[in-house]
A.B. asks: 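Take this structure first; my questions come after.
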Amino acid sequence: MVVHLVGAGPGDPELITLKAVKALEKAEVVIYDRLANEEILKHAPNAKLIYVGKKAGEHYKTQEEINEILVNEAKTYDEVVRLKGGDPFVFGRGGEEVLALHEEGISVDMIPGVTSAIGVPTTAGLPVTHRGVATSFTIVTGHEDPTKKEKQVKWDYTADTIIVLMGIGQIKENTQEMMKYRDPKTPVCIIENGTTPKERIVIGTLDNISEKDINTPAILIVGNVVDVYQKMKN
Ligand SMILES: C[S@@+](CC[C@H](N)C(=O)[O-])C[C@H]1O[C@@H](n2cnc3c(N)ncnc32)[C@H](O)[C@@H]1O
């Protein structure tokens, strides 16, 4: 028994690794999330499919329930794939699943994925670093667990580019916090449904982006690389 913890990439079903496709082809069970493009499942035509996707605020399965399903399936089948959107270890709770499986003596094979944090801007033509403009980037969650006693996200990051995942629900609060440390006119780019036919790009600045109409999933890219992106488009 082995569980392959597989990154499905950011949305475009072709942005999956060859190694992931090979694991899917021999899978007996695939346990997958909402964000993983379902077209990817065609690589596992004979597998039992278990959907455990979650939506913000409306949990279909708790993380504990998902861990339990993983353990039970791994004890029943030899080849189990756990498919997660983007990369399993970038805000994917992959680490918790590995710990739960190890506790039961089940081995895990890690197969990384293209994270939306970088794959979405790159596909749109927005470089997260650029010579003379940005030498560093930070990837941060815009939605911290509200039950945490103390906030870990302080928004005082020194990186040139800030990439915010899960940042739409609290965009007003988050941009206000960022403006304590950055010029309110800092350019911001939002990419909705990146790498898919539904991709939509909205440009603004820290002081006005929260007024725009945005759908999810979306990421925010904050910093002068957004100006570089605008120039590269022309
Ligand atoms: C729970 S996190 C999972 C991230 C994933 N593990 C990864 O590496 O991309 C979900 C967030 O990723 C971002 N996201 C995922 N897919 C996206 C896409 N196709 N376009 C824009 N943002 C996306 C959004 O910010 C969304 O709220």
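Only a predicted model underlies this, so the values are computations on that prediction, with no experimental measurement involved. Position 1 is the first residue of the sequence, and the numbers go up from there. Atom set for the values below is all heavy atoms of this structure, side chains included, hydrogens, waters and symmetry mates excluded. First listed ligand is number 1; within each ligand, the first listed atom is number 1.
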A.B. asks: Would Ile219 count as a contact of ligand 1 if the rule is a heavy atom under 4.0 Å away?
C.D. replies: yes
A.B. asks: Run the side chain to side chain contact (heavy atoms under 4.5 Å, CB included) test on His143 and Gln170 for me, step by step, so that the C-alpha distance in whole Å, both residues' side-chain angles and the decisive distance to 0.1 Å come before the verdict.
C.D. replies: CA-CA 7 Å; His143 179 83; Gln170 291 175 29; 3.3 Å; yes
A.B. asks: May I ask whether Thr196 places a heavy atom under 4.0 Å from ligand 1?
C.D. replies: no
A.B. asks: Any salt bridge linking Arg82 with Glu73? Criterion: basic side-chain nitrogen under 4.0 Å from a carboxylate oxygen.
C.D. replies: no
A.B. asks: Is Gly11 close enough to touch ligand 1? Criterion: a residue heavy atom under 4.0 Å from a ligand atom.
C.D. replies: no
A.B. asks: Can you sort out which atoms of ligand 1 are near Val120, meaning under 4.0 Å from one of its heavy atoms?
C.D. replies: 18 (C), 20 (N)
A.B. asks: For ligand 1, is there an N or O atom under 3.5 Å from any N or O atom of Ala218?
C.D. replies: yes
A.B. asks: Which pairs of donor and acceptor atoms, one on a side chain in residues 182-191, lie under 3.5 Å apart (sequence neighbours left out)?
C.D. replies:
from	atom 1	to	atom 2	distance (Å)
Arg182	NH1	Asp160	O	3.3
Arg182	NH2	Tyr157	O	3.0
Arg182	NH2	Ala159	O	2.6
Asp183	OD1	Lys185	N	2.8
Lys185	NZ	Asp207	OD2	2.6
Thr186	OG1	Asp183	O	2.5

A.B. asks: Under 3.5 Å, is there a donor on one side chain and an acceptor on the other for Asn67 and Gln63?
C.D. replies: yes
A.B. asks: Between ligand 1 and Val90, is the shortest N or O to N or O distance under 3.5 Å?
C.D. replies: yes
A.B. asks: Would you say Gly194 has any N or O atom under 3.5 Å from an N or O of ligand 1, going by distance alone?
C.D. replies: yes
A.B. asks: To check you understand the geometry: which heavy-atom pair defines the closest contact between Ala74 and Val3, and what is its length?
C.D. replies: CB-CG2, 3.6 Å
A.B. asks: For ligand 1 and Phe91, I'd like to know whether there is a polar contact (N/O to N/O, distance under 3.5 Å).
C.D. replies: no
A.B. asks: Relative to the heavy atoms of Thr115, which atoms of ligand 1 are at a distance of less than 4.0 Å?
C.D. replies: 7 (C), 8 (O), 9 (O)
A.B. asks: Just which atoms of ligand 1 are under 4.0 Å from any heavy atom in Ile191?
C.D. replies: 21 (C)
A.B. asks: Against ligand 1, does Thr195 come closer than 4.0 Å with any heavy atom?
C.D. replies: no
A.B. asks: What is the minimum heavy-atom distance between Lys75 and Ile106, and which atoms define it?
C.D. replies: CG-CD1, 4.4 Å
A.B. asks: Is any N or O atom of Pro10, backbone or side chain, closer than 3.5 Å to an N or O atom of ligand 1?
C.D. replies: yes
A.B. asks: Please confirm whether Asp87 comes within less than 3.5 Å of ligand 1 when only nitrogen or oxygen atoms on both sides are compared.
C.D. replies: yes
A.B. asks: Testing the 3.5 Å rule here: is there a donor-acceptor pair between the side chains of Thr196 and Asn193?
C.D. replies: no
A.B. asks: I'd like to know if the side chain of Thr216 and the backbone of Ala218 have a donor-acceptor N/O pair within less than 3.5 Å.
C.D. replies: no
A.B. asks: Which is it for Val114 and Asp87 under the side chain to side chain contact (heavy atoms under 4.5 Å, CB included) test, yes or no, and what are the steps along the way?
C.D. replies: CA-CA 6 Å; Val114 175; Asp87 182 275; over 6 Å; no
